[in-house]
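Keep in mind that this is a model prediction, so the values were computed, not measured.
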Amino acid sequence: MKFDLHCHSHFSDGALSPADLLQLAHDNDITHLALTDHDTINGLDQAQHAADQLDITLIKGLELSCSWNGQLLHVVGLGVDPLNSILLAGIAQNTRLRTERSLAMIEDFERHGIALAQEVAGLLEGAVPTRPHFAQALINLGYAKNKNQAFKRYLVRGKPGFIPMQWPDLEEVGSWICDAGGVGVLAHPLRYKFTRTKLRKLIGDMQQVGINGIEVSNANTDQQQVDGLATLAVQHDLLASIGSDFHSLDQPWARLGGAKDLPAHLTPVWSELGF
């Protein structure tokens, strides 16, 4: 079995349709794939149809934004019931926050003489609005050469297009995932650049609200980082997850299926999912 439990389609900030994503998974010998779009499950039906045709096991998931001690976190929910009313209400809440932020971002850009509304609308096409959509709009209109430049000149604190967000707290998001029968996993834990002490505090708070997994390996972790996160997983009795965080083919550093294998001594998150 080959798992990739963190990837995105064009229903959030990914480039591929769910069908193309599943075909890419098939081409990379992935047997179990979780589609984890940001704050939406709208791509799951299309993904399931493609998975059935390609004999891939689709694990229903999503990546939820939340706040912990003033810090934005991403928590992946795996094996969730997409019909659960509590989860759907939480998704609606985050979608509303994203929509309100996108409108405020458009207004802020206009105050700086940059008209993005039409370009962003064309990029969204039913997807939840994310900052990468705005970065791509800036590229398309010639304000930036690439996404790195877009996020240096715009979209970050002190620059045009930055709108602060008040996401739901960690406890709320944990309750949404648990109520939907899913397993909560802290996504890309090293990206937050926490000290070891702070990361351990976060893990303790996560576990108190039912989030019992950690992404030990993704496409950007080297072996030393994987081993360090594996040690944390063992010490805190956490389920270990693996995922590429794939978004598009032009990001070779996050290749679908490109994460290093989990160390054999860990308890993989899929054991909790019945695999």
Item to complete: Would you kindly confirm whether Met1 and Ile59 end up in one hydrophobic cluster when ILVMFWY residues are joined by side chain heavy atoms under 4.5 Å apart?
Response: yes
Practice prompt. Identify whether Leu72 and Tyr154 are in the same connected component of the hydrophobic contact network (ILVMFWY, side-chain heavy atoms under 4.5 Å).
Written response: no
Sequence neighbours left out, what pairs pass ring pair (Phe, Tyr, Trp, His ring centres under 6.0 Å) with at least one residue falling in [range]?
range            : result
residues 222-252 : His8-His247
residues 155-187 : none
residues 199-225 : none
residues 212-233 : none

Discussion item. Give me each pair satisfying side-chain hydrogen bond (donor to acceptor under 3.5 Å, both in side chains) with a member in residues 76-85, each pair once, sequence neighbours excluded.
Written reply: Asn84-Asp179
Worksheet item: What pairs of residues pass the side-chain hydrogen bond (donor to acceptor under 3.5 Å, both in side chains) test when at least one of them lies in residues 265-275, not counting sequence neighbours?
Response: none
For the residue pair [X] and [Y], what are the closest heavy atoms and their distance?
X      : Y      : value
Pro268 : Leu239 : O-CD2, 4.1 Å
Asp39  : Ile91  : O-CG2, 3.3 Å
Ala51  : Leu58  : CB-CB, 3.9 Å
His32  : Leu5   : O-CD2, 4.4 Å
Trp68  : Asp205 : NE1-OD2, 2.8 Å
Ile242 : Ala259 : CG1-CB, 3.6 Å

Is there side-chain contact between [X] and [Y], with at least one heavy-atom pair below 4.5 Å?
X      : Y      : value
Met206 : Leu73  : no
Leu62  : Thr40  : no
Thr36  : Leu78  : yes
Val183 : Asn212 : no
Leu266 : Val216 : yes
His6   : Ser241 : no
Ile211 : Val185 : no
Val75  : Glu63  : no

Measuring from atom [atom1] of [X] to atom [atom2] of [Y], what distance do you get when rounded to the nearest 0.5 angstrom?
X      : Y      : atom1 : atom2 : result
His26  : Leu21  : NE2   : CG    : 13.5 Å
Phe11  : Leu16  : CZ    : CG    : 12.5 Å
Leu124 : Ser102 : CG    : OG    : 7.0 Å
Leu22  : Leu256 : CG    : CG    : 9.0 Å
Cys66  : Leu170 : SG    : CG    : 5.0 Å
Ser67  : Asn69  : OG    : CG    : 8.0 Å

Please tabulate, for side-chain N and O atoms in residues 132-144, each donor-acceptor pair with protein atoms closer than 3.5 Å (sequence neighbours left out).
residue, atom, partner, partner atom, Å
His133, ND1, Thr130, N, 3.1
His133, ND1, Thr130, OG1, 2.9
His133, NE2, Ser12, O, 3.1
Gln136, NE2, Asn140, OD1, 2.9
Asn140, ND2, Glu119, OE2, 3.0

Which residues satisfy the side chain to side chain contact (heavy atoms under 4.5 Å, CB included) test with [X], sequence neighbours excluded?
X      : value
Arg191 : His188, Asp245
Asn220 : Asn218, Trp253
Glu171 : Asp169, Val209
Pro82  : Ile41, Leu44, Lys60

Are there over 12 heavy-atom neighbours, none belonging to [X], within less than 6.0 Å of that residue's [atom1]?
X      : atom1 : result
Gln118 : CD    : no
Lys159 : NZ    : no
Lys2   : NZ    : yes
Asp222 : CG    : yes

Any donor-acceptor pair under 3.5 Å linking the side chain of [X] with the backbone of [Y]?
X      : Y      : result
Gln149 : Lys145 : yes
Asp108 : Ala104 : no
Asp37  : Ser9   : yes
Arg101 : Met165 : no
Thr99  : Thr95  : yes

In a table with atom names and distances, give each donor-acceptor pair under 3.5 Å that connects a side chain of residues 227-235 to protein atoms at least two apart or in another chain.
residue, atom, partner, partner atom, Å
Asp227, OD1, Gln223, NE2, 3.0
Thr231, OG1, Asp227, O, 3.1
Gln235, OE1, Arg200, NH1, 3.0
Gln235, OE1, Arg200, NH2, 2.9

